[in-house]
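The structure appears right after this line, and notes come after that.
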Amino acid sequence: MYLFSLNFPSAVREVAFYSMNGKNRLAAVLSNGCLCVAELPTPDTWESLEGKEFSVEPCASATPLGSFVHLLWLDLHVLLAVSHHGFNRSNCYFQPSSNEDRLLGFYLQEIELSCSEDNVPGLLTCSGWHAKVSYRNLLEGLVIGVAPNPAKRSSAFVQFDGGEVFEYTSKLGINKLDFKHDELRFSSSCPSMNVVLVGVTEPSKLLLFGLDDMGRLHVGRKILCSNCSSFSFYSNLADNVITHLILATKQDLLFIVDIGDILHGELELTYENFIHVGNKRREEENINFINIWERGAKVVGVLHGDEAAVILQTNRGNLECIYPRKLVLASIVNALNQRRFRDALLMVRRHRIDFNVIVDYCGLQVFIQLASEFVKQVKNLSYITDFVCAIKHENVTEKLYKKFLSPPSCKEQKDLLTNDFKGSDASLDANNKVSLVLLAIRRALDEQVPESPARELCILTTLARSDPPALEEALERVKVIREMELSGSDNSRQVNCPSAEEALKHLLWLSDPEAVFEAALGLYDLNLAAIVALNSQRDPKEFLPFLQELERMPDLLMRYNIDLRLHRFEKALKHIVSAGDSHFFDCMNLMKKNPQLFPLGLQLITDNTKRGQVLEAWGDHLSDEKCFEDAAATYLCCTNLQKALKAYRECGNWSGMLTVAGLMKLEKNEVLQLAHELSEELQTLGKPGEAAKIALEYCGDINGGINLLISARDWEEALRVAFLHSKEDLVSVVKNAALECASSLIDEYKEGLEKVGKYLARYLAVRQRRLLLAAKLQSEERSINDLDDDTASEASSTFSGMSVYTKGTRKSSAASTASTTASRARDTRRQRSRGKIRPGSPGEEMALVEHLKGMSLTARAKQELKSLLVSLVMLGEEEIARKVQHVGENFQLSHMAAVRLAEDTLSDDTINEHGHTLERYLQKVKTELKDSDAFSWRCRVFLSP
């Protein structure tokens with residue numbers, strides 16, 4: 001199939017095209033040696049030439065042209081040819097001279113063309129052409145190929161045998177002195193050669209591409225691909241700067257290569273050396289090549305710009321046109337960068353690209369600001385409706401087209417909202433892409449498009465497709481149209497609007513009919529709701545009884561029931577409160593079923609008695625939710641002291657209970673009984689310190705209070721209270737308990753010091769043995785993962801004889817029984833949470849380290865220790881206090897040194913017998929941490945020099 005045909009006197013050997021500035025010319029070299037030229041009309045007139053045939057006559061020449069080897073256009077009137085002189089196959093007419101008969105060899109010659117016939121617009125000029133050699137240069141070597149220079153007029157590049165390339169300038173010949181760039185020469189001869197202009201920034205750069213007979217594609221002196229069958233170039237820019245290389249391989253794969261990847265040397269990673277991977281999964285993920293469906297097809301051309309097409313020729317001669325996704329997206333991006341929104345939208349529609357690429361590439365805020373220009377350019381409401389229906393939250397540039405598109409130049413700024421989109425729509429989420437885009441389109445339609453039924457339907461589409469759908473606003477517009485129809489007046493605006501039925505059907509087609517019906521109810525317009533139900537083909541038996549029942553209700557109750565149905569509980573509460581006191585019971589039930597309404601209810605209800613009922617109900621809800629502190633405060637607001645007392649008791653707030661008891665004006669004996677009960681409860685809960693406060697302040701039990709303070713190890717407070725009441729016997733009790741506690745702590749810290757040493761020794765032994773086993777396995781080229789668990793257990797079982805995992809005994813006294821029990825419980829919980837240390841198990845090392853860390857002094861222990869030291873000094877037991885501090889300090893230093901040593905050896909592959917010792921680390925800790933906050937519990941008076 002063809003549009004029109006050109007007939008030549010003999011077979012065509014080579015063709016050269018010229019197309020620039022509206023001029024289209026064709027030069028053909030025939031098999032008989034003749035040169036033919038034809039000038040084609042502008043492409044917009046070619047339809048009138050359909051089916052016609054034109055005969056092209058050879059050019060007349062006064063000089064011999066020789067036998068053509070290569071041919072190209074230098075400009076509109078000049079051809080550059082490589083010709084061979086010495087024999088004549090030409091039947092063309094020319095007048096020989098004696099000098100011209102002596103021409104022998106290959107010549108590079110410029111041929112000037114002129115036409116004796118006038119050019120008729122819309123027709124071909126196929127005859128009357130004259131050729132004249134205006135410049136001839138004898139060639140010293142074999143020319144492999146010629147290519148025009150895209151950066152310079154009347155200039156070309158000539159490739160000689162071996163890959164050397166030189167620049168040719170019209171009338172000046174070949175310049176071999178100033179042109180020695182390695183980038184513009186090949187490492188071997190390349191019969192197929194092209195020179196292209198690349199680079200979007202000034203100055204642009206020339207790249208030389210060549211394909212040799214072995215299928216190697218050269219870029220200068222570098223080899224780009226080793227299995228290339230054909231190649232071409234694509235440009236999406238107006239100045240013919242090349243942006244993509246189109247490459248077909250011998251494996252019948254078509255690659256679309258970014259010129260930027262060639263310039264930056266990122267081909268190997270991105271295109272995998274242009275070799276088929278063979279992995280199906282990787283093939284599906286690889287978007288850089290297209291499988292050519294017919295073997296041996298070659299790339300013969302490319303349509304530049306917005307067309308973004310690649311033309312393939314099969315072995316059968318057929319021409320196939322394909323549109324690679326990468327080129328299509330590149331042309332869309334180029335149109336968006338130039339703000340050609342209509343062209344971008346047309347390409348998106350034509351090639352079935354996701355419409356969201358227009359918004360996502362520009363960026364949300366940028367597109368919102370340009371929405372008016374977008375609508376103004378597109379001018380087609382059907383296209384805009386399709387665009388609106390396709391908008392979604394997903395960013396296709398980050399997912400669907402992630403590998404096709406580079407990061408956009410117009411980046412979205414999520415925290416930026418222009419002033420045009422604040423105010424009434426400030427409630428919209430700044431990240432709600434769908435709603436923001438559709439709002440911008442809706443406003444642009446109002447501004448740019450005159451009123452018409454199609455515009456109104458498009459606006460309804462933007463409302464129905466918002467997220468969430470703005471159905472109530474859409475129904476308000478339908479309601480206005482319906483009211484205009486019912487009024488019967490000749491309104492010019494009514495002519496520019498669709499009928500209410502058409503608008504409603506359009507809305508129902510876009511949205512869920514049930515959602516539209518509920519939105520109509522939400523407007524409290526029962527007639528509109530009935531019309532929606534009828535147009536959504538619902539059975540009247542389903543909705544008519546409900547609507548009739550609502551119609552019989554008072555207005556406020558109707559709104560209340562509609563709001564309940566639509567789960568708009570805040571509006572329902574406002575309406576039922578406004579309905580009067582007779583509906584207060586319904587109001588309370590609504591708040592109890594929806595507790596989040598209690599704050600609004602308190603704001604709406606002004607009667608003090610009813611407010612008290614609301615507060616009490618709220619307090620009951622908080623008590624059910626186990627929020628006793630808040631419940632107690634709520635009960636206090638409505639002066640329900642009995643429930644407040646109960647709530648404070650549930651949460652263990654004894655001070656609040658006793659305060660409420662005072663508010664309740666309880667008798668002294670009732671308060672005393674309550675205090676005794678609270679004291680016993682706190683003792684049971686393991687809070688002797690708080691129980692002591694109640695015993696001393698409310699019960700007047702000095703002996704019991706001091707004993708409780710001793711149990712809490714609050715030595716200073718116990719001593720203060722004893723001296724406050726001037727009772728020597730109580731001072732003696734405190735002193736004896738403090739001495740017993742000091743003796744117990746001394747034994748405890750000595751035992752802990754011994755256990756730290758044993759744990760550390762066990763850890764170092766296990767660690768050393770495992771490192772030795774690992775080194776042995778590595779030397780035998782075995783993986784340590786192949787080591788059997790039984791082998792590891794057997795290797796380390798020789799060290800399991802130590803009984804460091806058993807708990808030691810410790811002395812205790814009546815004064816420290818409660819605290820010791822609590823400490824033992826804490827130790828048990830820690831041990832349970834860490835798990836048992838199993839000798840020889842894979843996790844023994846980490847278990848030992850964790851157990852060592854768990855032996856540290858807690859903040860509470862440090863506080864009790866400091867209180868004990870101060871009390872011993874006050875009681876004149878300085879030596880005992882000094883001994884306690886010394887033992888406690890030694891334990892803490894040894895523990896910290898052991899933990900640091902264990903952590904250091906865990907990260908090392910070797911253990912230094914001299915460097916990794918407890919004594920060395922003990923000195924480090926003493927030097928670095930002795931004055932840190934970890935030792936703030938010590939008394940400076942007992943520090944050793």
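Because the structure is a prediction, the values reported are computed rather than measured. In what follows, every heavy atom counts, from backbone to side chain, and hydrogens, waters and symmetry copies are set aside.
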Self-check item: Lys/Arg-Asp/Glu bridge criterion (N-O < 4.0 Å) met for D467, K433
Solution: no
Quiz prompt | Closest contact, heavy atoms only, G601 versus L573 | solution = N-CD2, 3.8 Å
Exercise. Would you mind reporting whether N432 and H393 have side-chain heavy atoms less than 4.5 Å apart?
Key: yes
Practice problem: Take Q448 and S372 through the side-chain hydrogen bond (donor to acceptor under 3.5 Å, both in side chains) test and state the conclusion after the steps. | Solution: CA-CA 7 Å; Q448 299 292 336; S372 180; 2.7 Å; yes
Quiz item: For the residue pair F387 and F367, does the interplanar ring angle fall in the parallel (under 30°), tilted (30 to 60°) or perpendicular (over 60°) class?
Solution: tilted
Quiz item: Which distance, rounded to the nearest 0.5 Å, do you find between the CD of E518 and the CD of E472?
Solution: 10.5 Å
Quiz prompt | is_close_aromatic(F569, H567), centroid dist under 6.0 Å | solution = yes
Exercise. Indicate whether any N or O donor in one side chain lies under 3.5 Å from an N or O acceptor in the other, for E394 and N356.
Key: no
Quiz prompt | Side chain proximity check, E549 to N561, heavy atoms < 4.5 angstrom | solution = no
Exercise. Quick one: list whatever passes salt bridge (charged side-chain N to carboxylate O under 4.0 Å, His left out) with D563, sequence neighbours left out.
Key: R568
Exercise. Return the minimal non-hydrogen interatomic distance between R465 and C389, and the atom names on each side.
Key: NE-SG, 4.0 Å
Quiz item: Can E690 and W654 be counted as having a side-chain donor-acceptor contact under 3.5 angstrom?
Solution: yes
Quiz item: With the threshold set at 4.0 Å, does a side-chain nitrogen-carboxylate oxygen contact exist between R559 and D555?
Solution: yes
Quiz item: How far apart are the C-alpha atoms of T461 and H506, what are their side-chain angles, what is the distance that settles it, and do they pass the side-chain hydrogen bond (donor to acceptor under 3.5 Å, both in side chains) test?
Solution: CA-CA 8 Å; T461 304; H506 182 77; 2.9 Å; yes
Practice problem: Answer yes when E514 and R538 have at least one side-chain N-carboxylate O distance shorter than 4.0 Å, and no when they do not. | Solution: yes
Practice problem: Compute both the distance and the angle, then confirm whether R649 meets the cation-pi test with F628: under 6.0 Å from the six-membered ring centre, within 45 degrees of the axis. | Solution: no
Practice problem: Take R860 and E864 through the salt bridge (Lys or Arg N to Asp or Glu O under 4.0 Å) test and state the conclusion after the steps. | Solution: CA-CA 6 Å; R860 176 63 181 169; E864 294 174 357; 3.0 Å; yes
Self-check item: Pairwise distance CG(L463) to OG(S435) - rounded to 0.5 angstrom
Solution: 10.5 Å
Practice problem: Report the residues that fulfil ring-ring contact (aromatic ring centres under 6.0 Å, His included) with F598, sequence neighbours left out, ordered by chain and then residue number. | Solution: W618
Self-check item: Reported CD-to-CD1 distance for the pair E681 and I694, which is rounded to 0.5 angstrom
Solution: 9.0 Å
Quiz item: From I459 CD1 over to I384 CD1, what is the distance, rounded to the nearest 0.5 angstrom?
Solution: 10.5 Å
Quiz item: Does a side-chain N-to-carboxylate-O contact under 4.0 Å join R443 and E447?
Solution: no
Practice problem: Flag the pair R482 / L504 as yes when at least one side-chain heavy-atom distance between them is below 4.5 Å, and no otherwise. | Solution: no
Quiz item: Quick one: do E717 and R720 make a salt bridge, cutoff under 4.0 Å?
Solution: yes
Self-check item: Distance, nearest 0.5 Å, that separates CE of M591 from CD1 of I576
Solution: 10.5 Å
Quiz item: Under 4.0 Å between a Lys/Arg side-chain N and an Asp/Glu carboxylate O for D620 and K643?
Solution: yes
Quiz item: Are Q683 and P688 close enough that some pair of their side-chain heavy atoms sits under 4.5 Å apart?
Solution: no
Exercise. State the CD1-CG distance between I605 and L615, to the nearest 0.5 angstrom.
Key: 9.5 Å
Quiz item: Any idea which heavy atoms bring S871 and W715 closest together, and the distance?
Solution: OG-CB, 3.0 Å
Practice problem: Measure the shortest side-chain to side-chain distance between L597 and N594 over non-hydrogen atoms and say whether it is less than 4.5 angstrom. | Solution: yes
